[in-house]
Every structure is written in structure tokens, then in C-alpha cells.
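A quick write-up on the structure given underneath.
Letters go in sequence order (proteins before strands), and every chain restarts at 1.
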Amino acid sequence: MSEHASKAVEPARPMLTVNNIEVIYDHVILVLKGVSLAVPQGGIVAILGANGAGKTTTLKAISNLLHAERGEVTKGSIEFNGDRVDRLSPNELVRRGCIQVMEGRHCFGHLSIEENLLTGAFTRRDGNRAIRADLEMIYDYFPRLRQRRSSMAGYTSGGEQQMCAIGRAMMSRPKMILLDEPSMGLAPQVVDEIFEIVKDLNSKQGVSFLVAEQNTNMALKYATYGYIMETGRIVMDGDAASLRDNEDVKEFYLGIGGEGRKSFREVKSYKRRKRWLA
Amino acid sequence: EDSIYVPLFTYRTGPFAGSGTPIANGMHDYLTLLNERDGGIGGVKLIVEECETGYDTKKGLECYESVKPKKPVIVNPWSTGITLPLIPKAAVDKIPVLSMAYGLSASAKGDTFPWIFNPPATYWDGFTQILQYIATQEGGGVEKLKGKKIGYIYLDASFGREPLPLIEQLSKELGFEAKLYPVAAADMQNQSSQWLSVRRDKPDYMILYGWGALNATAVKEAVKTNYPMEKFISIWWPSEDDAKGAGDGAKGFKTLNWHAVGADFPLLADIQKHVVDAGKSQVSGKDKVGQVLYNRGIYNSMLIAEAIRKAQEITGNKVVTGEDVRRGLEGLNIDEARLKEIGLEGFTSAVKLSCADHNGHFSTFVQSWNGTTYEKVSDYIAPLSDKVGPLLDADAKAYAEKNAPWPARSEACDAS
Amino acid sequence: MNAASETLLSVDGVSLSFGGVKAITDVSFDIRKGEIRAIIGPNGAGKTSMLNVVNGFYHPQHGRITYKGKTRPRMRPYQAASQGIARTFQNVALFRGMTTLDNIMVGRTLKMHRGLFWQMLRYGPAMREEIEHRRVVEDIIDFLQIESIRKTPVGKLPYGLQKRVELGRALAMEPELLLLDEPMAGMNIEEKEDMCRYILDLNKHFGTTIALIEHDMGVVMDLSDRVVVLEYGHKIADGTPEVVKADPKVIEAYLGVGH
Amino acid sequence: MFYRETGQFKQSYAADQAVFPILQDRIGLAIILLVAFVVVPLFGNEFLLASVMVPFLILSLGAIGINILVGYTGLLSLGSAAFMGVGAYSAYKLSTIFPGVNILVWILCSGFFAAGVGVLFGLPSLRIKGFYLAVATLAAQFFLQWCFVRISWLYNDNPSGAIEVPARTLFGIAITGPSATPVTRYLVVLAIVVVMTLLASNIVHGRIGRTWMAVRDMDIAAQLMGIRLLPAKLLAFAVSSFYCGVSGALMVFLWLGAAEPSAFDIKLSFLLLFMVIIGGLGSMIGSFFGAALIHILPIVIRMLPEALGLPIAAATVEHLTYLIVGGLIIFFLIVEPHGLARLWQIAKQKLRVWPFPY
Amino acid sequence: MLYNIFIDPFVQMAQMPDLLVQTLWEGLVSGVLYALIALGFVLIFKASGVFNFAQGIMVVFSALTLVGFYEKFSAYGFSGHTAAFVALILTAGVMFVLAMLIERVVLRPLVNQPDIILFMATFGITYMLIGFGEMVFGGDPKQMIASELFLPSGSVDVEMLGGMVSFQKIDIAAAVIASVMIAGLALFFQKTRIGRALRAVADSHKAALSVGISLNQIWVIVWFAAGLVALVTGIMWGARSDVSFALEIVALKALPVLVLGGLTSVPGAIVGGLIIGIGEKLGEFYWGPLLGGGIESWFAYAIALLFLLYRPQGLFGDKIIERI
Ligand SMILES: Nc1ncnc2c1ncn2[C@@H]1O[C@H](COP(=O)(O)OP(=O)(O)OP(=O)(O)O)[C@@H](O)[C@H]1O
Ligand SMILES: Nc1ncnc2c1ncn2[C@@H]1O[C@H](COP(=O)(O)OP(=O)(O)OP(=O)(O)O)[C@@H](O)[C@H]1O
Ligand SMILES: [Mg+2]
Ligand SMILES: [Mg+2]
């Protein structure tokens with residue numbers, strides 16, 4: 001593993017560190033088997049991995065939402081800004097500046113889009129004016145939301161809900177956003193836009209990101225650092241550029257094996273996925 | 001060691017606890033007194049045990065099953081719902097059932113129901129007693145009821161519905177007009193529409209057959225509608241609390257009763273001394289001793305105790321069984337002299353049951369609420385037995401037919 | 001693909017609105033038997049609504065839908081199902097409390113006929129029927145390579161696998177027309193490749209007609225025979241992938257310059 | 001250690017589709033049946049049989065009925081006690097109109113009347129959902145209860161207003177009425193409950209059961225799979241009410257012996273619903289667990305002070321019972337919201353991986 | 001027969017308009033009282049998606065606590081009004097502690113569970129409150145301390161329409177208090193930050209957690225508010241009949257009201273209450289005798305059912321979102 005190599009390129013002190021955590025669902029299902037990762041201050045870190053690798057679980061463990069699904073962190077620790085946070089309530093974590101955008105939207109269906117966005121500002125104490133300004137900012141990022149601002153979120157399209165969820169998280173003015181599959185269900189243009197927004201927030205406001213993403217291409221284009229997960233373990237990590245050049249990653253995550261990008265029609269047989277470990 | 005097991009089914013919990021608690025206390029304290037003061041009955045200690053039914057039939061039956069192995073000499077279900085399933089069981093299990101002025105009215109017929117006792121009067125008796133009282137208010141006999149409008153507000157369940165056939169028959173015979181105001185159990189505390197109808201119909205008299213919160217609410221609503229209280233007469237279940245809630249307006253509210261109110265009897269003084277002051281009672285205050293339902297419990301236990309005594313007398317055994325107590329009940333004869341011995345002179349009228357008559361159809365009187373307590377305001381009124389009798393006979397017969405094969409009475413009658 | 005093959009479904013001038021929101025405005029297109037037809041467009045363009053109209057979940061205010069030569073004024077969802085229209089959903093709509101196997105078995109409901117009486121006895125005809133269909137379902141499970149999660153409650157599966165189970169459930173209906181709403185969202189390249197194979201195999205070997213909504217342009221362009229492009233409920237282009245890809249309106253509205 | 005399925009390969013889909021595919025489960029079931037049919041009647045005293053087991057089984061049957069509706073089909077109903085009442089009253093009427101026919105026939109037939117009424121009140125379920133539907137079924141509860149009071153034909157104009165169970169026999173042995181011994185009553189109830197549980201379990205494991213669960217989990221998707229909601233829901237109402245009806249008839253005929261309309265009041269509806277929830281929605285065995293927790297546990301608590309020789313007043317015991325049962329309900333929900341049945345599963349799961357924690 | 005159903009009642013109404021007015025007033029008052037109970041349900045449902053079975057017992061419990069405290073104080077010789085108001089404040093305190101306990105012990109561990117599980121948990125709470133309440137207060141009915149709390153008694157009798165219509169002062173007070181409370185709560189939900197958060201929580205616990213809404217805090221607030229509503233309800237109902245555990249049954253009356261108005265709507269509670277209250281009284285008074293009376297027990301449900309068939313989410317309830 002390239003543990004020491006990663007140390008060398010770490011740009012700043014870590015904002016978030018996850019030390020060797022183990023997660024169990026329902027008291028019996030062991031899902032994460034010792035996951036460690038770090039997100040530096042002002043970094044964009046991607047977690048990549050197949051379905052069921054445990055990306056979502058990792059993010060939920062960090063944001064303390066596991067509890068609500070009868071999951072539990074049984075070993076290891078999580079630190080945010082130098083403090084242990086694995087015993088905090090989710091809202092306390094949001095107050096400290098770490099918010100998650102959950103996979104699969106989870107908008108408040110009975111609230112209008114605008115009300116949804118405003119709930120994002122629940123923990124903020126900096127007054128109405130600032131909140132309004134941010135609302136405008138979100139609408140500028142996602143003009144589609146402005147059009148639908150008074151619709152009930154439950155009736156909007158999948159992509160609109162995804163935008164709403166991301167916008168809602170941004171409304172809390174976080175220091176760090178945990179993004180779970182932000183590009184899912186979004187039109188290609190909007191995917192580009194989202195990542196541009198990520199970059200924008202990162203460079204202008206110094207927001208750090210931890211992104212779990214299937215669109216590896218995109219993720220590695222914008223991320224500074226990446227982790228690859230398989231069945232509950234981190235199997236590889238490295239800075240984005242080195243991952244992009246790794247042959248295995250190319251083959252399995254970027255879909256550009258030796259001879260460059262293939263057509264989806266030409267994939268001949270069902271390949272068996274290569275496992276690094278286990 | 002020798003003892004007689006007397007279980008008491010009580011309900012100190014649940015929505016009817018307000019009525020159940022004083023009854024339970026009365027029953028319990030009387031029997032405890034016998035143990036404390038006299039060492040039981042005829043020298044045999046009573047084992048008095050409460051089983052909490054919560055006025056729930058299923059729990060009541062559970063109580064029954066749980067006391068059955070301990071050979072109880074009598075059971076007091078204190079709920080019509082619990083009584084009914086026990087009626088056929090009693091003969092098989094050989095445990096007499098005392099359902100005092102509730103339960104199945106027809107069980108007064110000792111020939112058909114040798115094991116069931118429901119003294120001192122049935123709901124039908126009660127209804128005719130109220131009618132007669134009304135008639136005397138109108139200055140005469142029942143013929144005075146002609147042309148009168150009589151309202152009947154009742155719990156819309158078997159208890160309240162039982163008098164309906166009688167009402168129908170009597171209204172024809174006596175020429176009064178009956179107005180019915182049923183109150184569903186779920187609406188006990190919400191009777192405004194019934195009382196609106198009362199306002200519309202303007203009945204000359206109102207008769208109440210209610211239970212628990214229904215009574216208290218009815219009195220309040222009657223006060224609210226300005227119904228003249230002296231014309232509002234209830235069967236024997238309302239307590240002091242039921243009238244008190246309505247404030248001064250409730251003065252004049254009337255109920256039937258067959259025993260005195262108040263603690264002014266030697267026996268109750270003894271209870272005060274041996275039981276309450278000794279901390280062996282569960283009453284929450286001294287003033288509770290002597291209240292209507294407390295004394296109802298006293299009366300109930302007096303019947304139990306006297307039946308046991310009678311059973312001892314008949315059989316010559318000290319430790320009696322359920323079968324003996326059944327005979328004791330049939331031979332029950334509490335005359336004035338005996339009442340005086342017990343320490344309850346003037347508490348109630350004499351009680352005498354027989355093989356054929358398990359009820360006695362005794363007279364009751366009317367008492368009136370004066371703002372703090374109930375006062376007796378009428379003489380003892382006998383029921384219209386000629387009207388009620390045939391109904392009872394028919395019902396007992398019908399019961400036996402419907403429950404065929406209903407066993408014929410095999411228990412011999414003691415000569416009395 | 002034979003361009004002249006017969007039309008399976010045609011949509012004529014369909015308009016759908018919810019209160020003030022116009023989801024679809026006067027859209028017409030057709031799907032030919034045996035083709036893979038893609039529907040693309042920006043978010044909120046009305047793609048999902050279009051599928052909902054096709055299988056009778058929404059009833060359009062205007063326009064006609066002709067399926068297998070028959071026009072129905074108000075198709076009910078179960079009618080659509082019984083005529084061979086199956087679909088998957090954008091927000092996975094599996095029966096979360098049931099296992100993978102049971103979910104796929106539900107897809108066979110229409111093909112099973114034993115009534116309450118036999119079901120109650122279970123042994124005998126009902127069991128035979130059950131086993132017969134179980135065999136079909138096992139084939140599907142094999143095909144989709146989800147053997148290992150056969151008895152797992154689907155609520156606990158990761159998103160990607162849920163999508164696969166959903167496909168399996170739709171396949172169990174042996175559909176003639178399969179509507180897929182973003183079947184590959186939330187999958188990585190490798191899984192997408194698998195999914196593409198499944199779709200192509202279905203299309204080729206079973207001749208299933210497929211209507212596909214997808215935001216991954218690589219997939220859409222590689223798989224589909226023809227593409228419809230919607231924007232704000234209007235159809236803005238229709239044709240082969242090459243034509244559509246080159247259409248400036250489509251580039252502006254949807255693809256962006258990068259693609 | 002003992003609960004391992006390793007090595008138990010299924011040779012056929014038939015074996016795999018079995019309701020109890022694992023050998024140990026089948027052995028366990030056999031033992032339970034043996035205990036229920038042989039050991040309990042031999043060694044149980046009257047109280048155990050008459051006041052614990054008979055009610056427990058009857059309530060379990062009712063709970064299965066409700067589980068079919070609430071747990072499997074996801075339709076919240078609070079009218080189940082009334083459907084039980086329909087069963088009881090129709091069994092009563094039938095048995096008095098045709099006294100010659102065996103009472104068990106009528107008890108089972110009463111289910112059909114309940115089913116019919118259930119279907120009628122199930123009609124709104126197509127439009128109304130969730131807690132709203134619960135209130136619609138409350139209409140059934142109160143309306144039917146009102147009928148039980150008002151329509152005196154239903155109780156043969158008995159002045160007591162109650163239905164009273166006539167004594168009836170089967171093969172010359174009294175099974176209803178006062179002389180039916182608790183053992184006979186227990187065995188009759190047990191036999192009926194076992195058979196009906198088996199049938200219900202077959203239904204829910206087959207096509208119809210899957211249809212119901214599909215409707216429960218996502219009715220829109222179910223529709224698009226070709227399931228017609230109304231027939232599916234009405235069938236669930238019918239089967240569920242059938243079970244409730246039989247359970248109601250059994251309740252009056254083999255348990256209570258006589259019943260007033262208030263025996264079928266809203267409290268019973270709630271109680272049954274809670275048995276199902278605490279036992280485990282969508283689980284047959286859960287219905288039994290739930291009935292045990294809600295019916296047997298209070299009895300045990302009530303008897304404890306006496307058994308331990310603690311002098312606690314009956315009323316206080318009752319208060320404590322309420323407190324403890326309430327507390328336990330909350331406790332179990334927190335430990336496992338999916339009910340005791342799931343807890344049982346997890347226990348088995350742990351047994352499977354034992355001695356490792358997971 | 002048809003005459004009795006369709007004509008006679010209206011003839012009666014026309015002939016005795018004073019009784020009609022009185023009936024309407026009684027309906028209005030019961031409606032308001034139902035609405036009060038319903039309001040407690042709505043509060044909790046709207047704010048957490050929990051259908052609180054314990055609301056009925058909370059009404060009883062709060063009323064008993066109030067009377068219990070009052071009895072304790074007056075035993076120490078405080079004057080009526082002082083004792084009553086001190087008791088009132090202490091009772092509010094008790095309700096607050098209760099809310100905290102419920103949040104800590106019941107709701108927090110059950111976050112994000114299905115509605116029906118939380119519903120069940122409130123049943124556990126009901127059991128515990130019954131057991132605890134009966135243990136502490138006993139089962140006897142108690143008198144509500146209405147006059148000590150400056151609630152008016154007696155009635156205003158107005159001569160109108162050829163008869164006497166009497167309005168109970170306590171009913172007028174109930175109507176006023178209920179209206180004020182309902183208006184306040186409606187504004188609170190629609191217009192404030194917390195109100196918005198409450199609705200968000202009801203929608204999805206998980207999503208609410210993820211945006212940093214403190215469920216714990218919100219639940220305490222809401223259950224406390226529901227406790228206060230229960231207290232007011234208890235006082236009002238208690239003044240009508242006694243305070244006893246029998247009052248619990250009344251809570252069932254709130255269910256049709258709730259459903260008719262929509263489980264999530266504060267104004268719905270009052271509108272539903274009025275429709276049910278008035279419908280029920282008119283039904284019982286004018287049409288009830290045709291069926292032998294006593295139809296009130298199910299009539300309310302029948303009305304609610306009819307409305308539901310027309311609008312499955314109740315008159316003002318949030319739309320049930322069906323979307324694929
Ligand atoms: N609530 C739960 N109970 C039990 N197991 C769960 C639960 N949630 C997730 N799992 C299991 O945990 C594993 C990891 O799931 P997770 O959702 O974290 O994967 P993922 O990497 O995010 O996958 P995807 O890319 O599909 O979103 C999966 O095998 C899944 O079955
Ligand atoms: N039931 C409904 N009520 C109100 N509006 C609706 C409803 N269904 C869809 N809409 C609206 O119609 C428009 C089209 O929605 P649709 O779901 O079809 O979009 P889509 O093309 O599938 O978008 P995406 O790619 O984001 O999934 C959206 O703006 C949506 O808000
Ligand atoms: Mg994930
Ligand atoms: Mg869509």
C-alpha cells in the first residue's frame with residue numbers, strides 16, 4: 001500500500017481523519033472492516049469503488065447518520081478539525097461545519113423547493129439577509145431550481161431533487177461537504193456544473209469535500225486525492241493524478257483499458273471483477 | 001388450618017375505578033372486620049383476597065379461573081359482563097354467584113338458576129319502583145301516570161337496555177309516553193345531543209340508568225339544561241361524586257337505594273375502629289366510610305357473611321363449601337333482630353331469600369341529593385311484582401330454552 | 001436493425017400538465033418493434049413523465065398512445081402490464097421488505113393462475129406452478145449474476161444491485177416493451193458495461209423492444225438505435241445517435257460542449 | 001453450533017421453496033407441536049389451559065388475521081374487533097337456527113360472514129391510505145358494535161343483550177358450554193389454530209402473499225407489475241376478516257362462554273394490532289410472540305407477587321403491571337423495532353455464526 | 001319513511017329555530033372541544049410523523065396532576081386562586097419533564113423507524129402513564145378546579161327566535177381559548193424557522209438529521225407543546241364532566257376530526273372539529289331518533305369517511321405524494 005507516499009503529498013493538516021473504523025449493521029452484519037482515510041483542509045477527496053463497497057456507509061459513519069439505520073461504529077475513531085466527533089449528534093456536526101448530501105436525494109417531499117433550501121440553513125445564526133443572499137447564490141448555480149421554487153419537492157423530477165439536495169447542504173455554509181453520488185441522475189451538463197461548483201466552493205470559500213462517486217472520470221478530474229474501496233476495505237489510495245495513471249484503475253474504473261475507450265456494444269463477455277484484496 | 005376462602009372481584013383501576021373503589025373498600029372492610037373482631041365467622045377465619053378485574057370481562061374470567069382451584073365459597077363478579085359467562089359454569093363448578101342487583105334479572109328464578117343470586121331487586125323492579133314514586137309525586141297511584149311523558153336516558157348496553165321491553169309494555173298499560181335517550185359507551189361524557197332532545201321533548205320526568213362517568217355527566221347536563229332536578233330519578237348506582245360535580249344545581253337529584261347512607265351504625269363504627277384506624281383498609285379518607293357505594297359494598301359483604309353463617313348452621317360444619325353456601329343463600333333470613341345483632345339496625349330492610357326466589361324483589365326507597373349527601377325522601381316502595389313477575393318467568397324459560405340442554409334443577413331445597 | 005420493421009408503440013401529440021406545470025407538450029414519436037430507443041433530455045424535461053404516460057400511470061390531457069395497433073383512451077397500469085409493458089424506475093421502486101427472489105417472483109404474478117384454494121394447500125398444483133416459475137426466475141438470477149443475494153431483503157442492498165434486481169423483476173414479466181428509467185445511474189463503468197450487455201442480450205436474443213432513459217451519453221450513443229430528445233416537455237430532436245449528437249439544439253440544451 | 005445450515009443443500013426448488021427450509025427449524029417445530037399437543041394437556045392445570053393457553057391461541061389467530069392485513073398488505077385497520085364480533089354473532093345465530101349441525105362447522109363458517117363484512121368495509125381502502133384508512137376502519141368498529149347492541153335479532157332478543165353459548169358436543173364430548181373441560185377446549189382450539197396457521201402461512205408464502213407484500217411495500221410499482229390493487233386489497237380484507245371472524249367465534253364459544261357487545265370493543269382492536277406490531281409485522285410466528293407478550297406477560301406479572309409471597313394489593317399489582325408492560329413494549333421496540341420475530345431471527349443469526357460475534 | 005328522513009327534520013328546524021340554534025351551538029362547542037384534542041395529535045404528527053396514541057391519556061394525566069397539586073396546596077392552606085395557579089405552573093413543569101423523558105427514553109432510540117413503530121411506542125407510553133397515574137392519583141374521579149382558575153360558570157341565556165337559547169360561559173371560554181391557541185399554532189408552523197423544521201422532521205427523520213436539525217430539541221418542544229395542549233384540553237373537558245380515567249375514551253372522538261381535517265393541518269383540526277361536532281349533533285338530534293338514537297358513536301366516523309372518499313388526505317392535509 002502506498003500509505004507513506006500519501007503522507008508526502010498531503011497539502012495541509014487534515015480536516016477530517018477516519019482511523020480504522022469498523023461498522024456493523026443490525027448487530028450482525030459487518031460492513032466496514034477497518035477503514036482509514038483523511039481529508040486535508042481545503043482538499044477534494046474522492047472515494048471510489050464498486051456497488052456495495054461501503055462508500056455510503058463510510059460517509060454515514062462520518063456524519064453520524066448510521067445510528068438512524070441501526071448501524072454502529074464499533075471500532076476506530078473519527079476526528080473533525082482535531083476533535084473526536086464519532087459520539088456527536090448529526091446536528092452538532094452540522095453546526096461544526098460538516099454536512100452530508102445523502103445518496104438518493106432525500107428531499108422533504110411536502111415542503112416546497114425553497115423551503116427545502118431554507119431548512120438547510122437551520123443551524124445558521126447569521127441572520128436572514130445572509131441566508132437570502134445564499135439562496136440567491138444557489139438559484140444562480142441551479143437556475144432550474146429557481147423556476148420550480150414553489151413546487152412541492154415531492155413532485156419535482158429526479159434531477160431537480162438532486163440539485164435541491166445539494167443546494168440545501170450548501171445553504172448551511174459548511175466547512176466540509178460529504179457528497180454521496182452527486183452526479184447520479186443528472187444531465188451531463190449539470191454534472192459538469194456540479195463539479196465546477198465543487199471546485200468553485202473549494203477554491204473561493206475553502207470548503208473541503210469528500211466525494212463518493214461512481215463517475216470515476218469526473219471524480220478523479222476534480223479531486224486532489226482518491227481512495228479506492230472494495231468490500232469494506234480501502235484497497236488503494238493516492239493522489240488523483242497517480243490513480244488516473246494506474247493501469248488497474250484505468251481498466252476497471254475508467255473503462256479505458258490498454259487500447260483506449262471502447263464502445264459499450266463491444267464489451268464481449270461479462271468480466272469478473274478483479275479484487276485487490278480478499 | 002381451617003379457613004374459608006372468599007375472593008372479591010374488584011375494579012380499582014380502569015375507567016370505572018371511581019365506582020369500583022368504594023364498593024371494593026366496603027366489601028373488603030366488612031369481611032376484614034369479621035376477621036379482626038370476631039376471628040372470622042363461627043370461629044373460622046376468612047381468607048379475603050381481591051382480584052382486580054378492571055371491569056373487563058376477560059380479566060374477570062381470568063380471575064375466576066385463578067381463584068377456582070382455591071375452592072371459593074362464593075364469587076361476586078361485580079360486572080354483568082363477567083356474571084353472564086359464570087351463570088352456566090356455576091352449577092358445574094359448584095360455586096354460587098352473587099350478583100347483587102345486577103347481572104341477569106331472570107336469575108332471580110331459583111328453579112332455573114339454583115346457583116345464581118341477585119338480591120335485593122332487579123332492574124325491572126327498580127323501574128317500577130321509580131314509576132310508583134313518580135305516581136306518588138303526582139299524588140296518587142300508577143293511574144296518575146296516564147298522559148305523562150317520561151324520559152329514559154340510559155347506557156346503550158345490555159344494562160340500560162334491559163328495561164326497554166318493560167317500558168314498552170307499561171307505557172301501553174299505564175298510558176304514559178316514553179322517550180328514549182340512549183348514550184353509547186364511547187359518548188358517556190358527551191351527552192349534549194341527548195339533553196338537547198330532552199329540551200325539545202320536555203318530558204315530565206327523567207329516569208337514568210347509567211354507570212360511571214355517564215351519571216356524573218348526565219347530572220351536569222341536566223343542570224345545564226335547567227331540567228328540574230326533583231324530577232330526575234336514577235336507578236341505584238350514582239354516587240356522591242356523581243352529583244357533587246354539578247354543584248348546587250344538582251340539589252334534588254334522586255336515586256333509588258335500599259340501604260342507608262352514612263356511618264352512623266355500630267357496625268361501621270367497629271369498622272372504623274378495627275379496620276380503618278388499624279390501617280387495614282384501603283379507604284383514602286375517613287369520610288369515605290358511609291358513602292353510598294361504600295355501604296353498598298358493606299351490604300354485599302353482609303349477604304356473604306350471613307350466607308356463610310347460615311351454611312354453617314344448616315350443615316353443622318365449621319368449614320363450609322360452595323355448595324353449603326348456596327344452601328345458606330337460599331335459606332338466608334336476615335330479619336330486623338339479626339340486623340340489630342350485626343350492628344346495622346335500620347341500615348336496610350329485612351332480607352329473606354328462598355329456593356324459588358333468589359332475588360327477593362325487596363322494596364327500595366328514593367333518596368335525594370342535598371348538596372353534601374343523599375337523604376332518604378320516601379318510604380320503602382315495593383316493586384310492581386304483578387308486572388315484573390311474568391316477564392321474569394318468561395325470560396327464565398326463554399333462557400333455558402335458548403341454552404338447551406339447560407340442566408334441570410337437581411339441588412334439593414332445604415326446608416326453611 | 002431493420003428500419004422498416006413495424007411500429008410497436010406510437011405517441012401522437014401527447015400533452016401532460018400538472019396544474020400549472022407543463023411536463024409534456026405535444027410530443028410525438030414512435031418505437032419500432034425490436035429496437036432500442038433512447039429518450040434523453042435535461043433534468044425535468046419530462047422523460048420520466050413520458051414513460052409514466054406510456055404505461056398508464058399518468059393520463060395525458062391531449063394526444064393518443066397506440067400500442068400494438070390499439071389505441072386506448074385511458075390505460076390502467078395493470079392493463080399495460082398485462083399487455084407486455086414492463087419497466088424499471090428512476091428512484092428504485094423495489095418492494096423493500098421482500099427478498100430478491102420474491103421481488104422477481106412478483107414479476108411473474110401475471111403468469112401465475114392458481115387461486116386462493118390451491119395456494120392455501122400449497123402442495124400439489126400450486127407448488128408445481130411455483131416451482132415452474134421459480135425455474136424461470138432462477139434463470140433470470142443467473143443471467144444477472146445476483147445468485148449470492150437471492151435471499152437478501154432488497155432494502156439492504158447497495159444501490160447498484162437494487163437497480164439490477166429491478167431489472168430482473170421487469171424481465172420476469174417477459175415484456176415485449178421494456179421501459180428503463182436511468183438503469184445505470186449510480187454505477188461505475190464496469191457495472192455499466194455489465195448492464196449494457198444485459199440490455200443488448202435481451203434485445204438481441206429475446207427481441208425485447210427497449211425504451212431507455214439515460215444520462216450517460218456514452219451508453220446512449222453506443223446502445224440505441226434511435227434517440228428522442230426532450231427539453232421542457234417539447235421534442236427537440238429525433239433520429240439516429242449520430243444525427244442527434246450533431247444537432248446544435250441538442251448540444252446547446254443538453255450535451256454541453258464537452259461531449 | 002447446533003444451528004448450522006451448512007451441508008444442507010437443496011436438491012430441488014421444491015425443497016428450497018418450503019416454508020421451513022432448515023432442518024433445525026423443522027425439528028424445533030415438531031418439538032413445539034409435540035409439547036403443545038401432548039405435554040401441555042397432560043401436565044397443564046386448568047388455569048394454564050383455560051386462562052392462559054386458550055386465550056393465547058385464540059388471540060394469536062386473531063393476530064394472524066390482522067397481520068395478513070396490516071403486516072402483509074400494509075393496510076392499517078382498527079376494526080378487527082368488530083370483525084371478530086361478526087364472526088361471533090354469526091356463529092351464534094347459525095348455531096341457534098340450526099342446532100343440529102356441529103358447532104365447529106358453524107364456527108368455521110362464521111369466518112365467511114366476517115369476510116363478507118370485511119370486504120364491504122375494505123372498499124374505501126382503494127382510495128384511503130395509512131392512518132386515514134385506520135380511521136375509516138374505526139367507522140366499521142363503531143358501526144358494527146352499535147349493530148350488536150341495536151339489532152336484537154342478532155342476539156335472539158336476549159334481555160341480557162348478550163350471546164350465550166349453548167352446550168354442544170363433538171363425538172359425544174362436550175366442547176362448548178360449562179361442562180366442556182379446559183383440556184378439550186384447549187385441544188379443539190389448538191387444532192383449529194394450527195391448521196389455520198398452516199393455511200395462512202401457505203398463502204403468504206405463495207403468489208398471493210407476494211402480491212400483498214408488493215402492495216404493502218410500494219403499491220404504485222405493484223400496479224405497474226400488473227397487480228390490480230382493489231382485488232388484492234379486498235382479498236386481504238376477506239382473508240384477514242375470515243381469520244378474525246373465526247377467532248371471534250372461538251373467543252365466545254370456547255373461551256368466554258358468553259359475550260356482550262363490549263367484548264368486541266375498540267380496546268380489543270388496539271390490543272390485537274399491538275400484538276401484531278410488537279410481535280413482528282409480516283411474520284406468522286410474530287403473531288404468536290405478540291399474543292404471548294401482550295396476553296401472557298401481564299398474567300405472569302400479576303401472579304408473581306403471590307408466588308413470591310409479597311403482600312401487594314391487587315390494585316397496586318395492576319398498576320405495576322401496566323407500568324411494566326408499557327416499559328417492556330418500549331424496551332422491545334428499541335431493541336428491535338421489527339418486532340420479536342426479528343429478534344428471534346437475529347438470535348438465530350447469532351447462533352449461526354457462534355462462537356464469533358459476527 | 002322518506003318523509004321522516006328528508007322533510008320532517010327540516011320542518012322541525014323551521015318550527016323550533018331556537019332549538020336549532022342551540023343544537024348548532026352545542027355542536028360548535030363539542031367541535032371546539034374535539035378540535036382541542038385533535039390539536040394535540042396534529043402537533044405531534046405534524047412535527048414528527050408520530051401518531052401519538054398517548055394524547056388521550058396525557059389529557060387525563062395533566063388534568064389529574066393539576067388537581068392533585070391543587071389539593072396538596074390547598075391542604076397547606078393556600079388560597080384557592082394562588083394554589084390553582086401555582087398548581088398550573090407546576091403541572092406545566094411536569095409536562096415538560098414528561099416531554100424530556102419521552103424524548104430521551106423513547107423517541108431518541110427510535111429515530112428513523114417506520115411510523116407504525118413509533119405509534120406502537122406511544123402505546124407503551126400510554127400504558128406507563130395509566131399505571132403511574134393510577135398509582136399516584138388513584139382511580140376516583142376528581143372535580144376540576146374551574147372557578148379557581150377564573151373560568152366562568154353559569155350561562156348566558158338569550159331570548160331569541162321565540163325561545164330561550166342558553167350559552168354556557170365555560171363553553172364560550174373554551175371556544176375563545178381554543179381559537180387563540182389554534183391560530184397561534186397555525187402561524188407558528190407556517191411562518192417560523194422552527195415550524196419549517198418541524199414539518200421537515202415529519203417528512204423524513206433521516207434527511208432532517210442530515211441537514212442538522214436537532215431532532216432531540218424539536219421533539220422536546222413539540223411534546224411539551226402537546227402536553228400543554230393536553231392540559232388545556234383536560235381543564236376544559238374536566239370542567240364539563242369529572243376528571244377521571246374515563247376521559248381517555250373521549251380521545252377517540254378526536255380521530256374522525258383529525259382525519260377529516262387532515263392529520264397535518266392545524267386549521268384542519270378546528271374545521272374538522274366543527275364539521276364533526278355540528279354534524280354529529282344535528283344528526284343525532286334530528287335524524288338519530290329514526291334509528292333509535294345513540295348513533296353519535298359512529299356518525300362522526302361516517303361523516304369523516306364520506307369526506308375522505310372525496311379527499312383521501314383530509315380537507316386540509318398535505319397531499320399524499322404519489323410519484324414514481
Ligand atoms: N441498513 C443496512 N442494513 C444492513 N446492511 C446494509 C445496510 N445498509 C447497507 N448495508 C450493506 O453494506 C454494504 C455497503 O453498502 P453501501 O451502501 O455503503 O455501499 P456503496 O459503496 O455506497 O454502494 P453504491 O455504490 O451501490 O451506493 C452493502 O453490502 C450493503 O448490503
Ligand atoms: N405528479 C406531478 N405533479 C407535479 N409536477 C410533476 C409531476 N410529475 C412530474 N412533474 C414535473 O414535470 C416535469 C418533468 O418531470 P420528469 O420527472 O418527467 O422529468 P425527467 O425528464 O424525468 O427529469 P430527470 O432527468 O431529472 O429525471 C418536472 O418539472 C416535474 O417537476
Ligand atoms: Mg452508496
Ligand atoms: Mg426522470
With chain E, the option among A:Asn116, A:Asn64, A:Thr123, A:Leu111 that has the most non-hydrogen atom pairs under 4.5 Å is A:Leu111
Do any of residues 97-116 of chain E have a heavy atom less than 4.5 Å from a heavy atom of chain A, and if so, which, in residue order? E:Arg108, E:Val111, E:Asn112, E:Gln113
Picking from A:Arg70, A:Glu92, A:Glu115, A:His67, which has the most non-hydrogen pairs under 4.5 angstrom with chain E? A:Glu115
Which answer fits A:Met152, side chain, backbone, both or neither, if we ask what part of it has an atom under 4.5 Å from a heavy atom of chain E? side chain
Portion of A:Leu178 that has a non-hydrogen atom of chain E nearer than 4.5 angstrom: neither
When you look at CZ of A:Arg125, are more than 12 heavy atoms from neighbouring residues, nucleotides or ligands closer to it than 6.0 Å? yes
Can you pull out the residues in residues 205-217 of chain E with any heavy atom less than 4.5 Å from chain A? E:Lys206, E:Ala207, E:Ala208, E:Leu209, E:Ser210, E:Val211, E:Gly212, E:Ile213, E:Ser214
Can you tell which part of A:Ala169 gets under 4.5 Å to a heavy atom of chain E, answering side chain, backbone, both or neither? neither
Heavy-atom count around E:Phe188 CZ within 6.0 Å, excluding the residue itself: above 12? yes
Side chain, backbone, both or neither: which part of A:Gln100 has a heavy atom under 4.5 Å from chain E? backbone
Measure the spacing between CG of E:Asp203 and OG1 of A:Thr119 and express it to the nearest 0.5 Å. 10.0 Å
